[in-house]
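Have a look at the structure below, then the notes.
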Amino acid sequence: MKKCLILDYGVGNIASLTTFFREHNYIVSFGNKIEEIENTELLILPGVGSFRTAVENINKSGVATAIQDRHFKQKPIIGICLGFQLLTKESEESPSFPGLNIFNGFTRRLEEFSRIGWDKINFEDYENCPTNDYFYFNHSFGIYELQNFGIKAFAGTSQCCALFIENSTVGVQFHPERSQNAGKEFIIWLEKEIWNLND
Amino acid sequence: MIKRIAATLVIDSGYIVNSYNFKIHLPVGKLKYTIQRLQDFGIDEIIILNTSHSSTSSQDFIQLLKSIDSLHISTPITYGGGITCVSDAREIIRAGAERVVVSSKLLVNSNTFFEICSYLGEQALVLHMPIDHTIVQSKIGGHDLNDFQSVMNLLPSNWGGEVMVSFVESDGAKSPNWHNVNRFLVCAIGLKNLILAGGFANAQDIGRALSFDQISAVAVGNYLHREELSVRNLKLNIETAVEIRHSK
Amino acid sequence: MRYCDSCLQPDTRPGTLFYDGKCPACLFSINSQIWDWQSRVSTLKQVTGEIATKSNGNYDSILGVSGGKDSTRLALWARDFLGLNPLLVSVTYPPEQMAKRGANNLNNLSELGFDLYTTSPSPIIWKQLMQKSFLESANWAKSTELALFSGVPQIAIEMGIKLILWGENPALQLGALETMGKTGWDGNQLRNMNTLSGMSKDWFKSIGFGESNFLPYRYPTQAEFELHDIQIVFLGWGMRTWGLMDNGISASLNGLESRETSAFESSDLIGLTSVDEDWVIVNQMIKYYKYGFGRATDYVNEWIRRGKINRNEAIPIVEKFDGVCSDEYIRTFCEFISITENEFWQVVQSNVNKDIFSINPGTRPSRKFKVGSNFP
Amino acid sequence: MINEFTQCKRCLYRTNHPLGLILDSNGICSGCLVHEEKDSLDWDKRFKILREIAESYKLRNSNNYDCIVPVTGGQDTFFVVHTVIHELGLNPLLVNFNRNFNSAVGIKNLAILRTSFLADFRQFTINPVIARKIVRTTLANLGTVNWLSIAGQTSLPVRIACELGIPLIIWGGHQGVEQVGMFSHTDNVEMTSRYRKEHDLMGYDEHNIFEFDPDFKLEDLSPLFYPSDDLIQKNCVRGIFLSNFLRWDPVAQHSFAREKYGYLGRKSRRTYYEFDNPDCPVYLGFQDLLKVQRFGYGKVTDQLVRDIRHKRITKSSAAIVEQEYLNKFPEGIQEFADWLGVSLKSFNPLLVSQDKEFARKILTEEWRSRLSDSSIEGDIFDSKSEALIDLDFTNIGKGI
């Protein structure tokens with residue numbers, strides 16, 4: 001059984017994430033202590049809520065450096081929806097609250113105001129992609145102009161980034177825990193291709 | 001975004017019910033079993049409308065949403081019913097729902113609607129607009145057409161949420177009243193992200209509705225429980241110019 | 001009419017050839033002393049094991065049962081010895097025809113711990129076919145036999161079960177050479193059994209019903225067997241102690257209810273044969289008038305081959321009991337297929353083998369021959 | 001002990017009905033509301049819809065049956081088969097799941113059925129060793145004897161439909177519509193595996209019965225397997241209910257079956273009407289005792305509600321009749337203990353565990369004598385005497 005930690009920053013759909021990762025044989029814990037972040041095999045930045053509240057709580061518990069540390073040490077992280085945006089420099093949603101700046105990019109209000117529903121993701125020159133299936137999106141902010149070198153994918157016709165992977169840090173704009181079979185297979189793909197985490 | 005087929009589950013006295021013209025409720029069963037099957041059939045989204053909020057607060061619904069999560073539900077859930085303030089909405093999202101449905105009363109009578117928008121983000125809201133061609137402002141907050149337009153004008157033009165329009169007269173029927181649906185679509189030109197509901201019970205009607213630009217999803221109600229593999233067959237039999245999601 | 005030198009089997013059975021003065025069954029029992037039964041058993045285990053794995057679903061094999069001695073023994077042997085997981089399939093008679101002990105014996109099989117799947121053709125059509133077969137050939141079982149044989153392969157194909165288990169190989173034990181398969185245990189030529197062949201669609205339709213009313217009487221074609229990769233295996237081929245008494249005694253000790261009526265009414269000496277219904281006794285009597293041997297002969301032949309009695313001791317038993325059938329069985333039979341007893345005897349008498357029986361008005365036909373001596 | 005759930009104003013059902021019951025603003029229950037349709041709908045038009053469905057399945061091909069009709073030795077089997085063959089002109093395959101214990105009357109009714117109609121018949125009898133094991137498990141964990149036979153009755157016809165490639169299954173009454181008004185008749189609700197799992201099987205189908213008894217082997221339960229969604233889709237299998245298309249009135253239908261075909265009833269201590277479940281020696285006996293314990297009402301209540309709705313009895317006199325029958329000592333309880341291979345006393349722990357006055361009964365040790373060998377001494381109601389030559393609790397019988 002693998003271990004994972006859902007970072008507590010006062011926001012996010014904890015219940016559905018817990019069930020989802022339990023189904024993938026993870027022992028799921030929920031907290032915001034630095035040693036928890038350092039020891040867990042997979043850090044999860046949950047996805048629903050406002051950018052500002054999340055940043056405030058991260059700063060309050062002083063875990064930003066521990067998270068950045070994991071990134072440089074290639075320790076698996078996954079940022080889901082808001083969690084992905086938190087990995088960027090800053091977000092138009094709460095300008096004066098800087099993000100974790102792990103990915104060199106900005107979160108801005110979507111040109112289409114909001115993207116609600118299912119869409120396919122298309123990778124930019126990357127071969128062994130996960131199954132070409134639909135994933136569930138529900139956001140009104142998105143990440144544009146990511147300069148980092150990593151695996152990048154866009155959703156449907158949108159310009160905003162649906163997925164970005166650098167080192168072992170994965171950012172996804174969609175919700176794997178709400179994408180039925182596609183979500184399940186995507187996590188298995190991540191474990192095999194990116195994190196090589198297995199039971 | 002691909003067009004969606006959602007399931008509307010109306011709740012009364014703790015049961016999913018068949019709803020007829022928003023007046024008569026017949027008991028179908030508990031949420032747990034139906035949600036499991038809808039997920040098997042690859043439903044794109046589940047919208048829970050709790051009409052028994054008058055007797056119990058949405059608090060007890062938090063337990064129910066949490067219990068749904070123990071069923072390994074990996075389908076987006078939208079919950080509506082009895083949401084009157086930001087903390088209600090926040091609780092429901094924390095309990096595992098993706099989005100909350102709010103009634104037009106909140107938008108018309110108070111500022112709470114916009115408080116929730118700013119707190120959760122517009123993408124987490126669905127504004128519910130029952131259209132009732134017969135009675136203006138009926139007990140269930142029904143709107144007639146010009147009513148609908150006046151409410152829509154209160155929304156900012158680039159509002160990021162969705163609007164669920166349900167036709168009261170064809171709620172529970174075998175097919176919608178296309179004359180009235182067309183009249184509605186004319187006055188909804190330019191809008192987008194509309195969810196249509198009310199009497200959508202066959203692939204042909206759903207396909208036709210999804211082919212309009214304004215419509216991003218059709219919500220199916222009573223039909224879900226009437227036939228085996230209901231949603232699965234719907235998805236197979238829909239021939240629209242528009243693509244829909246076929247789950248593996 | 002010539003008798004087998006060592007037993008009391010006359011050569012009148014259609015399709016059998018005597019060799020060196022001996023009947024096929026005697027040759028079989030002589031040869032079987034020297035066969036390597038151990039290797040036969042291991043062949044059967046290997047063959048059934050292989051085919052069993054190809055079946056999909058829960059059951060790896062299917063066994064036709066009536067609840068009688070053979071099927072009870074085979075079910076237990078297949079499960080407890082060969083380690084198979086057979087589904088038992090029974091084609092049952094109409095309620096009026098099924099004997100109470102027949103129902104009890106099916107129940108006994110079920111209680112021995114098997115799943116049992118019964119298929120019962122419509123009694124209305126069953127009765128009319130019985131009447132037609134009887135009036136035409138004095139053998140009411142011709143049509144029903146086809147249903148009894150067709151039920152198992154039909155269900156095997158429906159459920160995707162590849163292995164059909166069967167009892168004795170008629171070619172070897174009864175000399176019905178037309179059913180000879182590639183090897184001793186291969187039963188895929190069972191369709192050619194003379195009782196099965198020769199039943200065209202028109203024969204059925206002549207009683208005035210549509211094709212979809214005769215579905216239970218359709219024996220799957222050779223092509224269907226191949227398409228669905230069905231293989232019939234004769235388990236009797238690998239069972240050294242396979243016979244009327246062996247199966248009867250073993251089944252009785254496992255709960256089989258035998259026929260209590262005296263042999264003076266049924267010619268069923270120990271009450272172990274065809275116990276699921278009683279009008280077989282009428283058929284045995286008519287078979288006796290056609291071929292000169294009946295149920296009693298089957299018993300004594302086996303006893304002679306097993307050295308229980310010698311040929312001379314057997315003759316008075318056959319003389320006394322062969323062809324016996326009480327009036328009650330005849331009465332209820334006529335009532336069931338709605339013919340009068342006069343019509344019954346007219347049909348019987350027109351089918352009597354007049355070379356070996358003389359017709360006596362008002363009483364039953366009587367033997368011209370002496371049991372055990374060739375005639376004329 | 002008054003039942004704290006509210007009762008419908010018109011009938012005896014309360015809102016704790018296991019299938020779910022909703023009262024409208026006037027206190028009338030959903031069951032009574034939908035029942036009003038029986039006197040308002042145009043049933044000639046409704047039957048025409050059924051005829052069209054039947055027509056579309058009739059000319060399929062001549063080397064198969066037109067449809068499958070699940071049958072038992074009781075309920076409305078004769079009326080359904082009569083309607084399918086003589087009114088709709090279909091050639092059905094009759095299918096019966098043998099629950100492993102039948103009343104003599106039930107076995108005879110099946111034999112009468114087979115000889116009265118031009119139709120082939122198939123029956124599946126599950127291995128009795130497994131049957132007893134399942135009954136013990138569901139008795140202990142769900143408080144019901146009936147789970148096995150319902151699981152079998154609701155899956156066998158669907159499995160055979162897939163195996164033989166026969167798309168249409170025709171059932172009799174839809175219990176959800178008839179008892180608690182789950183759908184309007186005009187919804188033409190069809191058979192679903194969700195309804196089977198949630199309502200027929202109390203939330204536990206053959207796959208999660210292992211939660212109670214891990215040492216079940218999955219293949220032992222294969223006679224109860226419901227076909228997969230893919231298999232149902234591939235064969236386009238669907239199940240329709242006659243009760244949606246004609247004015248469903250079991251009492252009238254039973255008397256029709258009695259006159260025309262000689263359908264037999266079976267007396268029971270705990271109900272006044274003998275033609276609903278004559279085929280099961282437990283359903284109106286021990287099973288009904290358990291039902292009253294769990295839900296506070298019994299089979300007699302179902303019959304009284306039906307008669308109230310059909311205006312054959314008033315609610316007030318029905319309430320009196322109900323009390324008269326609800327606490328009668330059930331017949332056939334010793335025979336059921338024998339079938340299960342246990343003594344009568346062995347039921348006491350289960351009975352007390354389900355008792356509403358659990359604490360008081362423990363204090364007084366009253367529960368110990370709930371059932372004992374003396375309970376049935378002088379059991380004047382010897383069902384065997386009225387039964388036919390066969391005894392009850394027969395697995396397989398001749399019938400005629």
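To find a chain, count down the sequence lines: A is the first, B the second, and so on, and within it residues start at 1. Everything numeric here is computed off the predicted structure, so don't read it as measured data.
Neither the backbone nor the side chain of C/F214 comes within contact range of chain D, judged by heavy atoms closer than 4.5 Å. Neither the backbone nor the side chain of C/L112 comes within contact range of chain D, judged by heavy atoms closer than 4.5 Å. Looking at C/L87, the atoms closer than 4.5 Å to chain D (heavy atoms on both sides) all sit in the side chain, from C-beta outward. Only the backbone of D/F117 comes within less than 4.5 Å of a heavy atom of chain C; no side-chain atom from C-beta onward does. Interface residue D/A119: only backbone heavy atoms are found under 4.5 Å from chain C.
Using a distance-only test at 3.5 Å, with no hydrogens or angles considered, no donor-acceptor pair links the side chain of C/N58 to the main chain of D/S222. D/N91 places a side-chain N or O within 3.5 Å of a backbone atom of C/S212 that can act as its donor or acceptor partner. The backbone N or O of C/D115 sits nowhere less than 3.5 Å from a side-chain atom of D/N127 that would complete a donor-acceptor pair. A donor-acceptor contact shorter than 3.5 Å links the side chain of D/K398 to the backbone of C/E96.
C/S122 and D/D120 are not linked by any side-chain donor-acceptor pair at a separation below 3.5 angstrom, with hydrogens and angles left out of the test.
More than 12 heavy atoms of other shown residues, nucleotides or ligands fall within 6.0 angstrom of atom NZ in C/K54.
Put simply, OH on C/Y117 and CD on D/Q123 are 11.0 Å apart, with the number rounded to the nearest 0.5 Å. How far CZ of D/F121 is from OG1 of C/T118: 6.0 Å, rounded to the nearest 0.5 Å. With values rounded to the nearest 0.5 angstrom, D/F124 atom CZ is found 8.0 Å from C/L116 atom CG. Atoms CD1 and CD1, on C/I155 and D/I160 in that order, are 8.0 Å from each other to the nearest 0.5 Å. With values rounded to the nearest 0.5 angstrom, D/L164 atom CG is found 8.5 Å from C/Q154 atom CD.
Taking all atoms of both residues into account, the shortest heavy-atom contact from C/N107 to D/I396 is OD1-N, 3.7 Å. In this structure, D/R114 and C/P123 approach most closely via the heavy-atom pair O-CD, 3.1 Å.
Across D/V129, D/L218, D/I112, D/I126, the residue that shares the most heavy-atom pairs under 4.5 angstrom with chain C is D/I126.
Salt-bridge check for D/R122 with C/E158: passed, with a basic side-chain N closer than 4.0 Å to an acidic carboxylate O.
Residues C/N213 and D/L118 have side chains in contact (heavy-atom distance under 4.5 Å, counting atoms from C-beta outward).
Checking each of D/N100, D/N98, D/N395 against C/S110 for a side chain to side chain donor-acceptor pair (under 3.5 Å) leaves exactly one that passes, namely D/N395.
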